[in-house]
Amino acid sequence: MKIAVLNGSPKGATSVTMQYVRYLQKEFPQHELNILDVSSRVGKIEKDEGVFQEITAEVQSSDGVLWAFPLYYMLVHSGYKRFIELIRERDATDAFRDKHAALLATSIHFFDHTAINYMHGICDDLDMRYVGSFSADMYDLLKDEERSALHLFATEFFDSIERGTRPQKTYAPVARREFDYTPGRVEEKVDPGGKKILVVTDSEDGQTNLIRMVERFRSSFVGDIEVVNLCDVDIKGPCLGCIQCGYDNHCVYEGKDGYIDFYNTKVKTADIVVWAGTIRDRYLSSRWKLFLDRSFFNGHVPSLTGKQMGFIISGPLSQIQNLRQMLEGYVELQHANLGGFVTDEFGDSVEIDDSLQDLARRLTRFADTGYARPHTFLAVGGAMLFRDAIWGRLRFPFRADFVAYRRSGAFDFPQKNLKSRVQNGLMLLLSRSPQFRKEVNRRMKDEMVKPLRKFLED
Ligand SMILES: Cc1cc2nc3c(=O)[nH]c(=O)nc-3n(C[C@H](O)[C@H](O)[C@H](O)COP(=O)(O)O)c2cc1C
(Lines give C-alpha, C1' and ligand atoms only; values in the text may rest on other atoms or scores of the structure.)
Protein backbone atom coordinates (compact mmCIF):
# COMPACT_ATOMS: atom_id res chain seq x y z
CA MET A 1 0.00 0.00 0.00
CA LYS A 2 1.29 3.47 -0.84
CA ILE A 3 0.76 6.33 1.63
CA ALA A 4 1.58 9.99 1.01
CA VAL A 5 2.87 11.52 4.24
CA LEU A 6 2.50 15.30 4.19
CA ASN A 7 5.15 16.63 6.56
CA GLY A 8 3.98 19.73 8.41
CA SER A 9 7.21 20.46 10.29
CA PRO A 10 9.37 23.41 9.24
CA LYS A 11 12.34 21.28 10.30
CA GLY A 12 12.00 18.83 7.42
CA ALA A 13 13.47 15.40 8.18
CA THR A 14 15.00 16.45 11.52
CA SER A 15 11.58 16.73 13.04
CA VAL A 16 10.11 15.06 16.10
CA THR A 17 6.95 14.20 14.14
CA MET A 18 8.96 12.56 11.39
CA GLN A 19 10.58 10.22 13.92
CA TYR A 20 7.05 8.87 14.53
CA VAL A 21 6.64 8.38 10.78
CA ARG A 22 10.04 6.68 10.59
CA TYR A 23 8.89 4.36 13.37
CA LEU A 24 5.81 3.46 11.30
CA GLN A 25 8.02 2.85 8.26
CA LYS A 26 10.04 0.42 10.37
CA GLU A 27 6.96 -1.28 11.84
CA PHE A 28 5.16 -1.68 8.51
CA PRO A 29 7.82 -2.52 5.89
CA GLN A 30 5.07 -4.02 3.69
CA HIS A 31 3.72 -0.49 3.11
CA GLU A 32 5.39 2.42 1.35
CA LEU A 33 5.20 5.64 3.39
CA ASN A 34 6.52 8.43 1.21
CA ILE A 35 7.37 11.61 3.11
CA LEU A 36 6.67 14.85 1.27
CA ASP A 37 8.10 17.94 2.95
CA VAL A 38 5.44 20.60 2.77
CA SER A 39 6.01 23.23 5.49
CA SER A 40 9.76 23.47 5.06
CA ARG A 41 9.45 23.92 1.27
CA VAL A 42 6.30 25.99 1.08
CA GLY A 43 8.10 28.98 -0.46
CA LYS A 44 9.28 26.77 -3.32
CA ILE A 45 5.93 25.03 -3.59
CA GLU A 46 4.24 28.40 -3.90
CA LYS A 47 6.67 29.80 -6.46
CA ASP A 48 7.16 26.67 -8.54
CA GLU A 49 3.87 25.21 -9.72
CA GLY A 50 5.78 22.09 -10.84
CA VAL A 51 6.80 21.25 -7.25
CA PHE A 52 3.21 21.68 -6.11
CA GLN A 53 2.02 19.38 -8.90
CA GLU A 54 4.61 16.73 -7.97
CA ILE A 55 3.12 16.64 -4.48
CA THR A 56 -0.49 16.46 -5.62
CA ALA A 57 0.43 13.79 -8.20
CA GLU A 58 1.96 11.73 -5.40
CA VAL A 59 -1.22 12.18 -3.35
CA GLN A 60 -3.31 11.21 -6.37
CA SER A 61 -1.36 7.99 -6.94
CA SER A 62 -1.39 6.98 -3.25
CA ASP A 63 -3.90 4.79 -1.44
CA GLY A 64 -4.10 7.12 1.54
CA VAL A 65 -2.81 10.36 3.04
CA LEU A 66 -1.18 10.76 6.43
CA TRP A 67 -1.21 14.39 7.53
CA ALA A 68 1.76 14.40 9.93
CA PHE A 69 2.38 17.71 11.67
CA PRO A 70 3.57 19.42 14.83
CA LEU A 71 1.32 21.81 16.74
CA TYR A 72 2.09 25.49 16.14
CA TYR A 73 0.08 28.01 18.09
CA MET A 74 -2.99 25.84 18.54
CA LEU A 75 -2.97 24.91 14.85
CA VAL A 76 -0.52 23.79 12.20
CA HIS A 77 2.57 25.69 11.06
CA SER A 78 1.92 28.68 8.76
CA GLY A 79 3.60 26.83 5.87
CA TYR A 80 1.21 23.89 6.20
CA LYS A 81 -1.70 26.32 6.36
CA ARG A 82 -0.46 27.97 3.17
CA PHE A 83 -0.21 24.59 1.45
CA ILE A 84 -3.82 23.85 2.43
CA GLU A 85 -4.87 27.20 0.94
CA LEU A 86 -3.00 26.38 -2.27
CA ILE A 87 -4.96 23.13 -2.70
CA ARG A 88 -8.10 25.22 -3.33
CA GLU A 89 -6.40 28.17 -5.03
CA ARG A 90 -4.81 25.81 -7.57
CA ASP A 91 -7.88 23.67 -7.99
CA ALA A 92 -6.14 20.52 -6.80
CA THR A 93 -8.96 19.16 -4.63
CA ASP A 94 -9.56 16.20 -6.99
CA ALA A 95 -6.27 14.62 -5.91
CA PHE A 96 -7.56 14.37 -2.33
CA ARG A 97 -11.19 13.43 -2.92
CA ASP A 98 -12.16 9.99 -1.60
CA LYS A 99 -8.67 9.24 -0.28
CA HIS A 100 -8.51 7.78 3.20
CA ALA A 101 -6.90 10.25 5.59
CA ALA A 102 -5.41 10.07 9.07
CA LEU A 103 -3.75 12.69 11.28
CA LEU A 104 -0.57 12.21 13.25
CA ALA A 105 0.33 15.18 15.45
CA THR A 106 3.07 15.80 17.99
CA SER A 107 2.92 18.50 20.62
CA ILE A 108 2.91 19.09 24.35
CA HIS A 109 -0.92 18.76 24.24
CA PHE A 110 -1.54 22.47 24.49
CA PHE A 111 -4.66 23.07 22.37
CA ASP A 112 -3.87 20.00 20.31
CA HIS A 113 -7.62 19.39 20.07
CA THR A 114 -8.13 22.62 18.08
CA ALA A 115 -5.46 21.66 15.53
CA ILE A 116 -7.00 18.20 15.21
CA ASN A 117 -10.48 19.70 14.79
CA TYR A 118 -9.16 22.05 12.12
CA MET A 119 -7.40 19.34 10.14
CA HIS A 120 -10.40 17.02 10.47
CA GLY A 121 -12.58 19.81 9.05
CA ILE A 122 -10.11 20.27 6.17
CA CYS A 123 -10.27 16.53 5.38
CA ASP A 124 -14.08 16.70 5.39
CA ASP A 125 -14.01 19.79 3.16
CA LEU A 126 -11.75 17.92 0.72
CA ASP A 127 -14.21 14.98 0.73
CA MET A 128 -11.53 12.67 2.10
CA ARG A 129 -12.40 9.54 4.07
CA TYR A 130 -11.28 10.58 7.52
CA VAL A 131 -10.24 7.59 9.61
CA GLY A 132 -8.94 9.20 12.80
CA SER A 133 -6.21 11.09 14.61
CA PHE A 134 -3.28 10.23 16.84
CA SER A 135 -2.12 13.19 18.92
CA ALA A 136 1.12 12.21 20.63
CA ASP A 137 3.13 14.07 23.20
CA MET A 138 6.48 14.82 21.60
CA TYR A 139 8.23 12.11 23.65
CA ASP A 140 5.50 9.45 23.69
CA LEU A 141 7.59 7.33 21.35
CA LEU A 142 9.79 6.53 24.33
CA LYS A 143 6.93 4.66 26.02
CA ASP A 144 6.04 1.02 25.26
CA GLU A 145 2.29 1.54 25.59
CA GLU A 146 2.29 4.62 23.34
CA ARG A 147 4.33 2.83 20.67
CA SER A 148 1.86 -0.03 20.66
CA ALA A 149 -1.07 2.45 20.54
CA LEU A 150 0.56 4.07 17.50
CA HIS A 151 0.99 0.65 15.91
CA LEU A 152 -2.71 -0.12 16.45
CA PHE A 153 -3.73 3.28 15.10
CA ALA A 154 -1.73 2.73 11.91
CA THR A 155 -3.09 -0.82 11.58
CA GLU A 156 -6.63 0.58 11.72
CA PHE A 157 -5.72 3.16 9.08
CA PHE A 158 -4.30 0.56 6.68
CA ASP A 159 -7.24 -1.79 7.33
CA SER A 160 -9.74 0.97 6.61
CA ILE A 161 -8.06 1.59 3.26
CA GLU A 162 -8.05 -2.11 2.44
CA ARG A 163 -11.71 -2.50 3.37
CA GLY A 164 -12.63 0.68 1.49
CA THR A 165 -14.57 2.08 4.47
CA ARG A 166 -16.70 5.18 4.01
CA PRO A 167 -16.65 7.03 7.36
CA GLN A 168 -19.31 9.67 7.96
CA LYS A 169 -18.31 13.30 7.97
CA THR A 170 -18.15 15.24 11.22
CA TYR A 171 -18.08 18.80 9.87
CA ALA A 172 -20.74 20.34 7.65
CA PRO A 173 -19.35 22.56 4.89
CA VAL A 174 -18.93 26.20 5.86
CA ALA A 175 -21.56 28.29 4.07
CA ARG A 176 -20.61 31.84 3.15
CA ARG A 177 -23.20 34.44 2.36
CA GLU A 178 -22.95 36.89 -0.49
CA PHE A 179 -23.32 40.28 1.11
CA ASP A 180 -21.89 43.72 0.44
CA TYR A 181 -21.39 45.78 3.54
CA THR A 182 -22.03 49.49 3.00
CA PRO A 183 -20.92 51.56 5.98
CA GLY A 184 -23.09 54.43 7.16
CA ARG A 185 -22.20 57.75 8.75
CA VAL A 186 -20.72 57.83 12.25
CA GLU A 187 -23.11 59.83 14.43
CA GLU A 188 -21.20 59.98 17.70
CA LYS A 189 -17.45 59.46 17.82
CA VAL A 190 -15.68 57.70 20.70
CA ASP A 191 -12.97 59.65 22.48
CA PRO A 192 -10.05 57.28 23.13
CA GLY A 193 -8.79 59.65 25.83
CA GLY A 194 -5.12 59.21 24.98
CA LYS A 195 -5.29 55.42 24.69
CA LYS A 196 -3.15 54.00 21.92
CA ILE A 197 -5.19 51.95 19.49
CA LEU A 198 -3.74 49.59 16.92
CA VAL A 199 -5.64 47.68 14.26
CA VAL A 200 -3.72 44.92 12.52
CA THR A 201 -5.29 43.65 9.33
CA ASP A 202 -4.26 41.45 6.45
CA SER A 203 -6.84 42.78 4.00
CA GLU A 204 -6.05 42.34 0.35
CA ASP A 205 -7.62 43.89 -2.73
CA GLY A 206 -11.07 42.50 -3.24
CA GLN A 207 -11.75 41.83 0.44
CA THR A 208 -14.10 44.80 0.40
CA ASN A 209 -16.15 43.93 3.46
CA LEU A 210 -13.07 43.62 5.65
CA ILE A 211 -11.55 46.84 4.28
CA ARG A 212 -14.82 48.71 4.85
CA MET A 213 -15.31 47.31 8.36
CA VAL A 214 -11.80 48.38 9.34
CA GLU A 215 -12.39 51.86 7.88
CA ARG A 216 -15.74 52.16 9.67
CA PHE A 217 -14.13 51.10 12.94
CA ARG A 218 -11.33 53.59 12.39
CA SER A 219 -13.74 56.44 11.87
CA SER A 220 -15.62 55.57 15.09
CA PHE A 221 -12.95 57.43 17.05
CA VAL A 222 -12.20 61.08 17.60
CA GLY A 223 -8.80 61.54 15.90
CA ASP A 224 -6.97 58.91 13.91
CA ILE A 225 -5.89 55.48 15.07
CA GLU A 226 -3.13 53.34 13.66
CA VAL A 227 -3.95 50.64 11.13
CA VAL A 228 -1.18 48.32 9.95
CA ASN A 229 -1.56 45.83 7.16
CA LEU A 230 0.41 42.62 7.77
CA CYS A 231 1.11 42.48 4.04
CA ASP A 232 3.22 45.64 4.53
CA VAL A 233 5.20 44.30 7.48
CA ASP A 234 8.60 43.05 6.37
CA ILE A 235 8.47 39.34 7.34
CA LYS A 236 11.30 37.47 5.67
CA GLY A 237 10.27 33.98 6.63
CA PRO A 238 8.25 31.69 8.87
CA CYS A 239 9.13 30.43 12.33
CA LEU A 240 11.80 27.76 11.84
CA GLY A 241 10.99 25.90 15.04
CA CYS A 242 14.66 26.18 16.05
CA ILE A 243 13.67 27.46 19.57
CA GLN A 244 16.91 29.42 19.82
CA CYS A 245 14.71 32.17 21.28
CA GLY A 246 14.09 29.98 24.33
CA TYR A 247 17.32 31.03 25.98
CA ASP A 248 16.90 34.81 25.99
CA ASN A 249 14.02 35.71 23.65
CA HIS A 250 16.36 36.55 20.76
CA CYS A 251 14.98 35.29 17.45
CA VAL A 252 17.27 34.17 14.61
CA TYR A 253 15.55 36.72 12.35
CA GLU A 254 16.69 39.62 14.57
CA GLY A 255 18.12 42.39 12.39
CA LYS A 256 17.07 40.49 9.28
CA ASP A 257 13.47 41.65 8.96
CA GLY A 258 10.96 44.06 10.47
CA TYR A 259 8.77 41.61 12.39
CA ILE A 260 10.34 41.81 15.86
CA ASP A 261 10.56 45.58 15.72
CA PHE A 262 6.91 45.76 14.66
CA TYR A 263 5.82 43.46 17.47
CA ASN A 264 7.87 45.23 20.14
CA THR A 265 7.24 48.84 19.13
CA LYS A 266 3.68 48.70 17.80
CA VAL A 267 1.85 45.70 19.23
CA LYS A 268 3.35 45.67 22.72
CA THR A 269 2.97 49.41 23.23
CA ALA A 270 -0.71 49.68 22.28
CA ASP A 271 -3.47 49.82 24.90
CA ILE A 272 -6.12 48.46 22.57
CA VAL A 273 -5.35 45.90 19.88
CA VAL A 274 -7.83 44.87 17.21
CA TRP A 275 -7.15 42.08 14.77
CA ALA A 276 -8.96 42.07 11.49
CA GLY A 277 -9.03 39.23 9.00
CA THR A 278 -11.04 37.26 6.50
CA ILE A 279 -11.78 33.60 7.12
CA ARG A 280 -9.82 31.31 4.80
CA ASP A 281 -10.94 27.69 4.95
CA ARG A 282 -11.51 27.17 8.70
CA TYR A 283 -9.09 29.75 10.10
CA LEU A 284 -7.81 33.20 9.21
CA SER A 285 -5.19 33.54 6.47
CA SER A 286 -1.79 31.87 6.51
CA ARG A 287 -0.36 35.43 6.75
CA TRP A 288 -2.08 35.77 10.13
CA LYS A 289 -0.71 32.38 11.09
CA LEU A 290 2.77 33.53 10.11
CA PHE A 291 2.35 36.55 12.36
CA LEU A 292 1.35 34.32 15.27
CA ASP A 293 4.07 31.71 14.78
CA ARG A 294 6.76 34.36 14.65
CA SER A 295 5.58 35.81 17.98
CA PHE A 296 7.06 32.69 19.58
CA PHE A 297 10.21 34.70 20.34
CA ASN A 298 8.25 35.83 23.43
CA GLY A 299 8.25 32.24 24.64
CA HIS A 300 5.38 31.04 26.82
CA VAL A 301 5.13 34.34 28.64
CA PRO A 302 2.11 36.61 28.00
CA SER A 303 3.17 39.51 25.78
CA LEU A 304 -0.12 41.46 25.67
CA THR A 305 -0.77 41.78 29.40
CA GLY A 306 -3.44 44.30 30.34
CA LYS A 307 -4.47 45.12 26.78
CA GLN A 308 -8.00 45.20 25.47
CA MET A 309 -8.47 43.08 22.38
CA GLY A 310 -11.16 42.90 19.74
CA PHE A 311 -11.64 41.04 16.46
CA ILE A 312 -13.17 42.22 13.20
CA ILE A 313 -13.79 39.21 11.04
CA SER A 314 -15.21 38.85 7.59
CA GLY A 315 -16.73 35.42 7.18
CA PRO A 316 -18.85 32.83 8.94
CA LEU A 317 -17.17 32.76 12.36
CA SER A 318 -20.27 31.37 14.08
CA GLN A 319 -19.98 28.22 11.98
CA ILE A 320 -16.38 27.67 13.09
CA GLN A 321 -16.52 27.58 16.89
CA ASN A 322 -13.09 25.95 16.83
CA LEU A 323 -11.59 29.19 15.48
CA ARG A 324 -13.47 31.26 18.03
CA GLN A 325 -12.12 29.06 20.81
CA MET A 326 -8.55 29.47 19.58
CA LEU A 327 -8.90 33.26 19.49
CA GLU A 328 -10.53 33.39 22.91
CA GLY A 329 -7.90 31.07 24.37
CA TYR A 330 -5.15 33.15 22.81
CA VAL A 331 -6.47 36.41 24.31
CA GLU A 332 -6.82 34.86 27.75
CA LEU A 333 -3.37 33.30 27.67
CA GLN A 334 -1.89 36.62 26.64
CA HIS A 335 -3.49 38.09 29.79
CA ALA A 336 -5.43 40.52 27.63
CA ASN A 337 -9.17 41.11 27.88
CA LEU A 338 -11.57 40.22 25.12
CA GLY A 339 -13.70 43.22 24.17
CA GLY A 340 -15.63 41.30 21.53
CA PHE A 341 -16.00 40.07 17.98
CA VAL A 342 -17.68 41.76 15.05
CA THR A 343 -18.40 39.82 11.87
CA ASP A 344 -20.25 40.49 8.65
CA GLU A 345 -21.99 37.12 8.70
CA PHE A 346 -25.43 38.22 9.96
CA GLY A 347 -27.70 41.18 9.63
CA ASP A 348 -27.46 44.26 7.51
CA SER A 349 -25.02 47.13 7.18
CA VAL A 350 -26.73 49.14 9.92
CA GLU A 351 -26.33 46.29 12.39
CA ILE A 352 -22.64 45.94 11.51
CA ASP A 353 -22.19 49.72 11.92
CA ASP A 354 -23.75 49.50 15.38
CA SER A 355 -21.61 46.52 16.37
CA LEU A 356 -18.40 48.22 15.24
CA GLN A 357 -19.36 51.40 17.08
CA ASP A 358 -20.14 49.41 20.19
CA LEU A 359 -16.83 47.55 19.96
CA ALA A 360 -15.02 50.91 19.83
CA ARG A 361 -16.97 52.14 22.86
CA ARG A 362 -16.51 48.96 24.88
CA LEU A 363 -12.77 48.64 24.22
CA THR A 364 -12.19 52.25 25.23
CA ARG A 365 -14.33 51.93 28.34
CA PHE A 366 -12.64 48.71 29.42
CA ALA A 367 -9.23 50.27 28.81
CA ASP A 368 -10.25 53.22 31.00
CA THR A 369 -11.61 51.11 33.83
CA GLY A 370 -9.00 48.35 33.57
CA TYR A 371 -11.72 45.71 33.27
CA ALA A 372 -10.58 42.14 32.68
CA ARG A 373 -13.08 39.32 32.75
CA PRO A 374 -12.09 36.15 34.63
CA HIS A 375 -10.21 33.47 32.78
CA THR A 376 -12.04 30.34 31.68
CA PHE A 377 -10.75 26.81 31.47
CA LEU A 378 -8.88 27.78 28.29
CA ALA A 379 -6.32 29.89 30.14
CA VAL A 380 -6.63 28.31 33.57
CA GLY A 381 -5.85 24.85 32.14
CA GLY A 382 -3.35 26.20 29.59
CA ALA A 383 -1.38 28.14 32.20
CA MET A 384 -1.10 25.06 34.43
CA LEU A 385 0.18 23.00 31.52
CA PHE A 386 2.84 25.61 30.73
CA ARG A 387 3.69 26.06 34.41
CA ASP A 388 4.42 22.36 34.84
CA ALA A 389 6.32 22.13 31.55
CA ILE A 390 8.52 25.18 32.22
CA TRP A 391 9.18 24.05 35.78
CA GLY A 392 10.04 20.58 34.59
CA ARG A 393 11.12 19.15 31.27
CA LEU A 394 11.17 22.42 29.28
CA ARG A 395 13.16 24.47 31.81
CA PHE A 396 16.00 24.06 29.40
CA PRO A 397 15.85 25.21 26.59
CA PHE A 398 13.19 27.73 27.71
CA ARG A 399 15.43 29.43 30.25
CA ALA A 400 13.92 32.88 29.62
CA ASP A 401 10.44 31.52 30.42
CA PHE A 402 11.72 29.92 33.61
CA VAL A 403 13.19 33.21 34.83
CA ALA A 404 10.01 35.14 33.91
CA TYR A 405 7.70 32.58 35.55
CA ARG A 406 9.74 32.61 38.75
CA ARG A 407 9.68 36.42 38.85
CA SER A 408 5.95 36.67 38.22
CA GLY A 409 5.03 33.97 40.73
CA ALA A 410 3.64 31.69 38.01
CA PHE A 411 5.07 28.64 39.79
CA ASP A 412 2.12 28.62 42.18
CA PHE A 413 2.05 24.92 42.82
CA PRO A 414 -0.72 24.07 45.30
CA GLN A 415 1.49 21.88 47.47
CA LYS A 416 3.17 25.04 48.73
CA ASN A 417 -0.06 25.98 50.52
CA LEU A 418 0.84 24.79 54.00
CA LYS A 419 -2.44 25.87 55.63
CA SER A 420 -4.61 23.82 53.29
CA ARG A 421 -2.31 20.82 53.58
CA VAL A 422 -2.52 20.82 57.37
CA GLN A 423 -6.28 21.45 57.26
CA ASN A 424 -6.88 18.66 54.73
CA GLY A 425 -4.70 16.22 56.65
CA LEU A 426 -6.67 16.88 59.80
CA MET A 427 -10.07 16.63 58.11
CA LEU A 428 -9.15 13.39 56.33
CA LEU A 429 -8.11 11.93 59.67
CA LEU A 430 -11.29 13.06 61.42
CA SER A 431 -13.50 11.84 58.57
CA ARG A 432 -12.70 8.27 59.58
CA SER A 433 -15.25 8.77 62.35
CA PRO A 434 -18.87 8.16 61.18
CA GLN A 435 -20.20 10.83 63.60
CA PHE A 436 -17.81 13.42 62.23
CA ARG A 437 -18.88 12.62 58.64
CA LYS A 438 -22.52 12.90 59.61
CA GLU A 439 -21.86 16.33 61.08
CA VAL A 440 -19.86 17.42 58.02
CA ASN A 441 -22.71 16.30 55.72
CA ARG A 442 -25.18 18.33 57.77
CA ARG A 443 -23.09 21.50 57.60
CA MET A 444 -21.46 21.14 54.15
CA LYS A 445 -23.60 23.62 52.15
CA ASP A 446 -23.43 26.22 54.88
CA GLU A 447 -19.66 25.90 55.29
CA MET A 448 -19.13 26.28 51.54
CA VAL A 449 -20.78 29.68 51.39
CA LYS A 450 -19.45 30.88 54.76
CA PRO A 451 -16.25 32.54 53.49
CA LEU A 452 -18.27 34.56 50.93
CA ARG A 453 -20.72 35.98 53.48
CA LYS A 454 -18.47 38.73 54.78
CA PHE A 455 -18.77 40.51 51.41
CA LEU A 456 -22.54 40.48 51.63
CA GLU A 457 -22.85 42.19 54.98
CA ASP A 458 -24.02 45.83 55.06
C1 LIG B 1 6.51 28.24 17.45
C2 LIG B 1 6.05 27.01 18.17
C3 LIG B 1 4.73 26.91 18.53
C4 LIG B 1 4.28 25.76 19.18
N5 LIG B 1 2.97 25.70 19.54
C6 LIG B 1 2.51 24.61 20.22
C7 LIG B 1 1.14 24.55 20.63
O8 LIG B 1 0.34 25.42 20.37
N9 LIG B 1 0.77 23.45 21.34
C10 LIG B 1 1.63 22.44 21.67
O11 LIG B 1 1.22 21.50 22.33
N12 LIG B 1 2.93 22.46 21.25
C13 LIG B 1 3.37 23.53 20.53
N14 LIG B 1 4.68 23.58 20.12
C15 LIG B 1 5.55 22.40 20.37
C16 LIG B 1 5.68 21.51 19.13
O17 LIG B 1 4.44 21.20 18.58
C18 LIG B 1 6.35 20.18 19.46
O19 LIG B 1 7.60 20.41 20.00
C20 LIG B 1 6.46 19.26 18.26
O21 LIG B 1 6.72 17.95 18.69
C22 LIG B 1 7.55 19.69 17.30
O23 LIG B 1 7.54 18.81 16.20
P24 LIG B 1 8.54 18.88 14.99
O25 LIG B 1 9.92 18.66 15.53
O26 LIG B 1 8.06 17.78 14.10
O27 LIG B 1 8.42 20.22 14.33
C28 LIG B 1 5.16 24.70 19.46
C29 LIG B 1 6.51 24.81 19.09
C30 LIG B 1 6.94 25.96 18.45
C31 LIG B 1 8.39 26.05 18.06
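When a ligand or atom number is given, it counts from 1 through the structure's own listing order. Just the heavy atoms: all of them, side chains too, but no hydrogens, waters or symmetry mates, feed the values below. The first residue in the sequence is number 1, and the count goes up from there.
With ligand atoms numbered from 1 in the order given, ligand 1 contributes 1 (C) to contacts under 4.0 Å with heavy atoms of C239. Remark: ligand 1 atoms within the under-4.0 Å shell around heavy atoms of K11 are 24 (P), 25 (O), 27 (O).
Remark: the backbone N or O of R129 is not paired with any side-chain donor or acceptor of D98 at under 3.5 angstrom.
Considering backbone and side-chain atoms alike, I243 places every N or O at 3.5 Å or more from each N or O of ligand 1. Residue T106 has at least one nitrogen or oxygen atom sitting less than 3.5 Å from a nitrogen or oxygen atom of ligand 1, judged on distance alone.
Among protein heavy atoms, the minimum distance from atom 5 (N) of ligand 1 is reached at Y73 N, 3.0 Å. Looking from atom 12 (N) of ligand 1 to the surrounding protein, the closest heavy atom is I108 N, 3.6 Å. Scanning the protein heavy atoms around atom 23 (O) of ligand 1, the nearest turns out to be P70 CB, 3.1 Å. Summary of contacts: the protein heavy atom closest to atom 8 (O) of ligand 1 is M74 N, 2.9 Å. Protein heavy atom at the shortest distance from atom 27 (O) of ligand 1 is S9 OG, 2.7 Å. The protein non-hydrogen atom at the shortest distance from atom 1 (C) of ligand 1 is F296 CG, 3.2 Å. Protein heavy atom in closest approach to atom 19 (O) of ligand 1: M138 SD, 3.3 Å. With respect to atom 17 (O) of ligand 1, the closest heavy atom belonging to the protein is L71 O, 2.7 Å.
Between F158 and H31, the ring center distance clears the sub-6.0 Å criterion. Ring pair F411/F402: centre-to-centre distance below 6.0 Å. When ring centroids are compared, Y263 and F297 come within the 6.0 Å threshold. Aromatic pair H77/Y73: ring centres not closer than 6.0 Å. Checked against the 6.0 Å centroid criterion, the rings of H151 and F28 qualify as a close aromatic pair. Proximity of the aromatic rings of W288 and Y283 is defined here by a centroid distance below 6.0 angstrom, and this criterion is not met. Aromatic pair Y118/H120: centroids not less than 6.0 angstrom apart.
The backbone of H109, and not its side chain, has at least one atom closer than 4.0 Å to an atom of ligand 1 (non-hydrogen atoms only; backbone = N, CA, C, O). The backbone and the side chain of F110 each have at least one atom closer than 4.0 Å to an atom of ligand 1 (non-hydrogen atoms only). Counting heavy atoms under 4.0 Å from ligand 1, residue S15 touches it through both backbone and side chain.
Within the 4.0 Å heavy-atom shell around ligand 1 one does not find F111.
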Exercise. Decide yes or no on salt bridge (charged side-chain N to carboxylate O under 4.0 Å, His left out) for E215 and R212, but give the supporting numbers first.
Key: CA-CA 5 Å; E215 275 317 305; R212 287 175 188 165; over 6 Å; no

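Environment of OH in Y139: sparse, with no more than 12 heavy atoms of neighbouring residues, nucleotides or ligands closer than 6.0 Å.
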